[in-house]
Amino acid sequence: MLTIGQLATATGVSTSTIRFWERRGLLPPAARERGQRRYSEDDLSAIGMVLVCQEAGFTLAEIGQMQRESVGRPQVWREFVQTKMTHIEDSLTRLDHARKLLTHAMDCPQEDIGRCRLFQAAVGRRVGNPTVTDPPTPTAACRC
């Protein structure tokens with residue numbers, strides 16, 4: 001059995017975080033020995049699972065919901081994962097678009113990026129009023 005301090009050291013999670021996760025129901029209540037929390041290897045694994053879920057992009061609320069709703073329904077976690085995958089794919093698409101715009105901005109010969117046809121088209125699309133019908137593809141050799 002581990003003390004909360006030992007568990008914190010082993011997992012790299014602060015003792016206050018462990019207590020918080022217990023209050024939120026993400027971790028089972030700790031066993032007590034002479035008034036002190038005591039943790040098992042199962043608790044160590046439970047913290048590891050929360051950490052891995054966070055690394056995968058799940059919020060604490062989503063982790064708690066997934067834990068509650070998957071009890072007795074093992075297929076439920078797959079639904080949560082599929083939903084998260086969709087969100088991640090959407091985020092990657094947005095980030096790729098942002099990277100292309102920023103890369104173009106660095107290479108664009110326009111002194112004022114607001115005069116760049118690519119950025120004007122992006123602004124037009126963003127506000128639902130496209131002003132440039134065929135914007136250039138972002139490239140290092142901008143022909144703005």
Side-chain angles (χ1 to χ4, degrees), residues 1-108 110 112-140 142 144:
M1 296 298 272
L2 302 167
T3 66
I4 193 168
Q6 291 168 327
L7 185 65
T9 299
T11 60
V13 174
S14 70
T15 58
S16 61
T17 297
I18 294 170
R19 288 186 198 100
F20 177 74
W21 288 355
E22 283 179 9
R23 287 191 305 272
R24 296 276 309 259
L26 299 170
L27 301 174
R32 299 282 179 155
E33 185 178 298
R34 289 178 276 171
Q36 290 185 333
R37 287 176 168 91
R38 298 291 181 198
Y39 297 90
S40 68
E41 292 296 319
D42 288 343
D43 297 313
L44 186 67
S45 294
I47 289 175
M49 182 58 96
V50 171
L51 292 171
V52 167
C53 286
Q54 284 184 312
E55 288 173 4
F58 288 98
T59 65
L60 291 179
E62 290 169 330
I63 296 167
Q65 183 181 5
M66 187 168 36
Q67 288 176 337
R68 288 186 303 278
E69 293 182 15
S70 65
V71 173
R73 299 172 50 210
Q75 74 284 2
V76 168
W77 71 268
R78 291 182 190 279
E79 295 167 14
F80 278 93
V81 170
Q82 183 57 54
T83 300
K84 185 53 69 178
M85 285 293 294
T86 299
H87 289 142
I88 288 173
E89 291 297 328
D90 292 344
S91 294
L92 287 172
T93 298
R94 286 191 308 276
L95 287 170
D96 186 53
H97 177 70
R99 182 183 51 77
K100 287 176 183 175
L101 283 172
L102 294 173
T103 299
H104 177 79
M106 294 298 294
D107 296 331
C108 183
Q110 293 289 343
D112 176 0
I113 200 66
R115 302 183 106 214
C116 171
R117 288 187 327 125
L118 178 77
F119 273 73
Q120 288 172 351
V123 168
R125 284 190 306 275
R126 187 69 177 102
V127 297
N129 184 19
T131 57
V132 178
T133 57
D134 189 19
T137 304
T139 65
C142 177
C144 294

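Just so you know, residue 1 is the first one in the sequence shown, and it goes up from there. Values below: every heavy atom of this structure, side chains too, minus hydrogens, waters and symmetry copies.
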CD/Q75: more than 12 non-hydrogen atoms of other groups inside 6.0 Å: yes
Chi angles and distances behind the side chain to side chain contact (heavy atoms under 4.5 Å, CB included) call for L60, Q54: CA-CA 7 Å; L60 291 179; Q54 284 184 312; 3.5 Å; yes
Test log, rule side chain to side chain donor-acceptor pair (under 3.5 Å), inputs R94 and S91: CA-CA 5 Å; R94 286 191 308 276; S91 294; 3.2 Å; yes
Considering all heavy atoms, the nearest F58-I63 contact: CB-CG1, 3.7 Å
I113 vs C108, side chain to side chain contact (heavy atoms under 4.5 Å, CB included): CA-CA, chis, key distance, verdict: CA-CA 8 Å; I113 200 66; C108 183; 4.1 Å; yes
Side-chain (E62) to main-chain (T59) donor-acceptor, under 3.5 angstrom: yes
Minimum heavy-atom distance between A46 and L27, given as atom pair plus value: CB-CD2, 3.7 Å
Within 6.0 angstrom of M49 CE, more than 12 heavy atoms from elsewhere: no
From CZ (R37) to CG (D43), nearest 0.5 Å: 11.0 Å
Where M66 and C53 come nearest, the two heavy atoms and their spacing: CE-SG, 4.0 Å
Salt-bridge criterion met for D96 and K100 (N-O under 4.0 Å): yes
Q110 CD to Q120 CD distance, which is reported to the nearest 0.5 Å: 8.0 Å
Set of residues satisfying side chain to side chain contact (heavy atoms under 4.5 Å, CB included) with respect to R23, sequence neighbours excluded: R19, F20
Under 3.5 Å: donor-acceptor pair, side chain of Q6, backbone of T3: yes
Exam field: side chain D107 to backbone H104, donor-acceptor pair closer than 3.5 Å: no
Side chains of F80 and Q65 in contact at under 4.5 Å (non-hydrogen atoms): yes
Backbone N/O of G35 and side chain of R32: donor-acceptor pair under 3.5 Å: yes
Qualifying residues under side chain to side chain donor-acceptor pair (under 3.5 Å), relative to D42, sequence neighbours excluded: none
R38/Q36 under side chain to side chain contact (heavy atoms under 4.5 Å, CB included): CA gap, chis, key distance, verdict: CA-CA 6 Å; R38 298 291 181 198; Q36 290 185 333; 2.9 Å; yes
Donor-acceptor side-chain pairing of T83 and T86 below 3.5 angstrom: no
Spacing of L95 atom CG and I88 atom CD1 [to the nearest 0.5 Å]: 11.0 Å
N/O donor-acceptor pair under 3.5 Å between K84 side chain and G57 backbone: yes
Matching residue for V13 among V50, I47, L7 - test: side-chain contact (heavy atoms from CB on, under 4.5 Å): I47
Side-chain heavy-atom pair Y39, I4 within 4.5 angstrom cut-off: yes
CH2-CD distance between W77 and Q67, expressed to the nearest 0.5 angstrom: 14.5 Å
Close side-chain approach of P28 to E22, heavy-atom, < 4.5 Å: no
Euclidean distance, L26 CG relative to T17 OG1, rounded to 0.5 Å: 11.0 Å
Side chain to side chain contact (heavy atoms under 4.5 Å, CB included) evaluation trace for V123 with R126: CA-CA 5 Å; V123 168; R126 187 69 177 102; 5.5 Å; no
